[in-house]
Every structure is written in structure tokens, then in C-alpha cells.
Peer 1: 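Before we start, here is the structure in question, set down as C-alpha cells.
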Amino acid sequence: MSELMLGQHQLGTSTITSRSSLTSPTADTLKAALYLVSATVNASTTAYSATNEVSGTGYTAGGVTVTNANTPANSNTSPTAGVAYWTPSASLTYTTVTLSTAFDTVLFYNSTQSNKAISVHTFGSQTITAGTFTLTMPTNSTSAALLRISTT
């Protein structure tokens, strides 16, 4: 979370011109990796690691690329109150996978910025056999977005 406050991650499609090239900046690539129930992936996780990441038929180490088309927004309800928020613009879909060992965590990370962690989210323990696993993203709003920072 502190890296968000430091401007380490470009959420959305806009580009920061001070990144790597002043004349042709590029947007960050965000990814989402799944982790086993036994993994220790939490708020202190600072970067993607393959340790305790799921493995199985059809799953690629490092996870899937996140559709990053929603621009971060701010409710600006007053000078002292508001909510900054962002949600990926599409659900995360892992297609034709067999993940027979239980998993319950997804790590969002920035593969453009040395695989730095953005956020960790847990859900109920899952397994899947020759199917599609989808994590449906919430509405990009002040009350439901995946990432929300309140200034109240």
C-alpha cells in the first residue's frame, strides 16, 4: 500500500512521462498470481514470488495479465473527505486449468516495476479440474472498488 502512496504503480491507461522515456512513456503491466492456502502472502508481501504459487495444467507461473483500463478516481467530497478508488476493468480469468491443491489468495503485482506487490486478496479455498476459474471484479465505485483509500 505504501508504494501506491509513493506513486510506484500506474493504474489505468494513462502514462507518467517521467518513466523510462520522456518522449514515449509506456503504461505499467499488472498481473495477478494465485497462491496456495498454505502460502504466507499478506500485507507485508512486497513483490511477486513463485514460492507457494499454484501450479497445474494450464496455469502459467506469474498468473494472468490484468486488464488495467479503469482510471483511478477520487470522489472529492470535500477538502477533508473523499475516497480514491480503482478496480481492474475486467474479471480475472484462468482458462482450462487444473489446480488440484487448494488455493485462496490472489496477488496483484506490477511486472513493469520489478514485480512490486500492489495488493493481496483472499477468498474461500478453491480447487478446479479442467475448467475456468474467474475472479469477478467489483464495481469501480467509492463503496465497492477493489482498492479504496479514504481521506476521512
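When a residue number appears, it is its place in the shown sequence, counting from 1.
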Peer 1: Once you round to the nearest 0.5 Å, how far does CG of L36 lie from OG1 of T51?
Peer 2: 10.5 Å
Peer 1: Enter the distance from T139:OG1 to L146:CG here, rounded to the nearest 0.5 Å.
Peer 2: 11.5 Å
Peer 1: Would you find a donor on one side and an acceptor on the other, under 3.5 Å apart, between the side chain of S141 and the backbone of A144?
Peer 2: yes
Peer 1: Indicate if V54 and V37 have the same hydrophobic cluster label, given that clusters are the connected sets of ILVMFWY residues with side-chain heavy-atom separations under 4.5 angstrom.
Peer 2: no
Peer 1: Does some side-chain heavy atom of V106 sit less than 4.5 Å from a side-chain heavy atom of L92?
Peer 2: yes
Peer 1: Which heavy atom of G63 sits nearest a heavy atom of K31, and at what distance?
Peer 2: O-NZ, 3.8 Å
Peer 1: Quick one, T134 and T136 - any side-chain contact, counting heavy atoms below 4.5 Å?
Peer 2: yes
Peer 1: What pairs with S119 under side-chain hydrogen bond (donor to acceptor under 3.5 Å, both in side chains), at least two apart in sequence or on another chain?
Peer 2: H121
Peer 1: For P88 and V66, work out which heavy atoms get closest and say how close.
Peer 2: CB-CG1, 3.6 Å
Peer 1: Is a side-chain donor or acceptor of T127 paired with a backbone partner of T101 at a separation under 3.5 angstrom?
Peer 2: no
Peer 1: Can you confirm whether T105 sits close enough to V120 that some side-chain heavy atom of one is under 4.5 Å from a side-chain heavy atom of the other?
Peer 2: yes
Peer 1: Say you draw a straight line from OG1 of T122 to OH of Y35; how long is it, rounded to the nearest 0.5 Å?
Peer 2: 14.5 Å
Peer 1: Heavy atoms only: give me the nearest N140-A145 pair and the separation to one decimal.
Peer 2: OD1-CB, 4.0 Å
Peer 1: Any sub-3.5 Å donor-acceptor pair from T96's side-chain atoms to G131's backbone N or O?
Peer 2: no
Peer 1: Would a 4.5 Å heavy-atom cut-off, applied to side chains only, mark L99 and Y94 as touching?
Peer 2: no
Peer 1: Could you tell me the separation between the OG1 atom of T98 and the CD1 atom of I128, rounded to the nearest 0.5 Å?
Peer 2: 7.5 Å
Peer 1: Holding to side-chain hydrogen bond (donor to acceptor under 3.5 Å, both in side chains), I want the full list of residues that pass it with Y48, two or more places apart in sequence or in another chain.
Peer 2: E53
Peer 1: Just by modelled atom types, is the G124 backbone N or O under 3.5 Å from a matching donor or acceptor in the Q126 side chain?
Peer 2: yes
Peer 1: Between the main-chain N or O of K116 and the side-chain N or O of S114, is there a donor-acceptor pair closer than 3.5 Å?
Peer 2: no
Peer 1: Report the residues that fulfil side-chain hydrogen bond (donor to acceptor under 3.5 Å, both in side chains) with N42, sequence neighbours left out, ordered by chain and then residue number.
Peer 2: S44
Peer 1: Measuring from atom OG of S38 to atom CZ of F103, what distance do you get when rounded to the nearest 0.5 angstrom?
Peer 2: 13.0 Å
Peer 1: Is it true that a side-chain atom of T112 and a backbone atom of T29 form a donor plus acceptor pair closer than 3.5 Å?
Peer 2: yes
Peer 1: Starting at CD1 of I118, measure out to OH of Y109 and round the result to the nearest 0.5 Å.
Peer 2: 10.5 Å
